[in-house]
Amino acid sequence: MDRGSRLKKKRRRRLFSNIVTVLLFILAFTLIKDKLFPFIKNAFSNDSSDYVLADSDMPGKNDEYNKGENNGSAEGNNSGHVNADGDNIKTGNEKDKELEKEMAEKKEMLKNTVYINDEGSKVVTNPNDILVLVNKERSLASDYKPDDLVIPNVKFSFEGEDQKKYLRKEVATALEVLFEEAEKEDVILYAVSGYRSYGRQQMLFNYRSERSGIEETNKLTAKPGQSEHQTGLAMDVSSKSVNLSLEEAFGETIEGIWLKNNAHRFGFIIRYLKEKTDITGYSYEPWHIRYVGKEVAKEIYENNITFEEYLGFEYDAE
Ligand SMILES: [Zn+2]
C-alpha cells in the first residue's frame, strides 16, 4: 500500500468516526431533549399560539412568546407547574378539610335524627339514609319499608321466595361482590336473612318471648321497629361448617373469620362485636353484617369500634 492510499484510508476513517460522533450526538440529544429541555420541543413547534395560550394565557405574538421562552422558560414552566401543583395541594387540603367538616356535621346530624312518637319511643327521621342508626333507643316507624328492595344474586341458605332474601339495591350489589370475592378464596358464604318487615319483627318477638321471656328475647331479638333488618341494610350470613345456622361458633369458622377481616372492603361491618355488647345492647353476632359504605366501614374496622362509637354515641344498654 502506497502512502497516498494509506492517507486516503486514514481520512476516510476520520470522516467515518466524525459522522458516527455526530450521529451519536444527535441521538443523545433527541433522547434527552424532551426530558431536560421541554421548552426546546415547544420552541421547535410551529404552533406557538397553543403553547402560549395553554401556559400563560398570553395572546400569541411570537416575540413575546420567544422572550418568555428565553428569559425564563424554565422559570415560566416551573411557575406554571408550581401554581398548578400548589393549587392542587391547596384544593386537596381544602377538600379533605371540607370532607372532614362535612362528616362531622353529618355525624352530628345523624345523632339528632329522632322524634318522640305517641308511645314515647324515639323514632328515626332518616330511615332511608345509608348511615341510619337503628338500635334499642332508636326505632324505625312501623310503616317504614325501603322502596328499592331487590334480591341479591347470591347463595341462600333456603329455597323459595321470601322477604328475607331482599336488601336495598346498593347493598345487594355490594353483597354480591363480597360473596364473589370470598368464593375466589374458597370461602363459601350463604345469605340467611336480610330485610325484615315491622310485622314480621312483631311476630318473631312475640313468638320468642312466649318461649323464653321478654328479657332473654330482648338480648338477641330486636323489639319491633328496632331491628336493623327493617332498614334493608343488614344481612345474616352463615356457612355449611355450622350447618347454615346463626350461632356464635360461626365466628370461629374459616368463613366467619374471613367475613370479620374482609367485610369492610365491601362496605359492611360486623355490627355486634363480642367485646362491645354493652354499647350495642346486643349479644355477639358474628353473622350479622350491616352496610355503611366502604369509607365508614374501613374506619370502623380499623378502629375496632361500633357504629354507635363511630357516630359519637355513648350507649348504655339497660
Ligand atoms: Zn341479623
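Everything numeric here is computed off the predicted structure, so don't read it as measured data. Counting convention: from 1, in listed order, for ligands and their atoms alike.
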Given atoms NE2 of H229 and OD1 of D236, what angle do they subtend at the Zn ion (ligand 1), to the nearest 10 degrees?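 Computed angle, vertex at the Zn ion (ligand 1), rounded to 10 degrees: 110°.
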In H288, the N, O or S atom nearest to the Zn ion (ligand 1) is which?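 Sorting the N, O and S atoms of H288 by distance to the Zn ion (ligand 1) puts ND1 first.
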The Zn ion (ligand 1) to nearest N/O/S of E285 less than 2.8 Å: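 So E285 does not bind the Zn ion (ligand 1) by this criterion.
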I'd like to check Y195 versus P146 (side-chain heavy atoms, cut-off strictly below 4.5 Å). Are they in contact?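 Heavy-atom side-chain distance check passes, below 4.5 Å.
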Just wondering, do K294 and F268 contact through their side chains at under 4.5 Å, heavy atoms?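 Heavy-atom side-chain distance check fails, nothing below 4.5 Å.
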Checking E161 against Y166: is there a side-chain donor and acceptor pair closer than 3.5 Å?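 Yes.
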Exactly one of L149, L233, D148 should register a side-chain contact (heavy atoms from CB on, under 4.5 Å) with V171. Which one does?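 With V171 as partner, side-chain contact (heavy atoms from CB on, under 4.5 Å) holds for just one option, L233.
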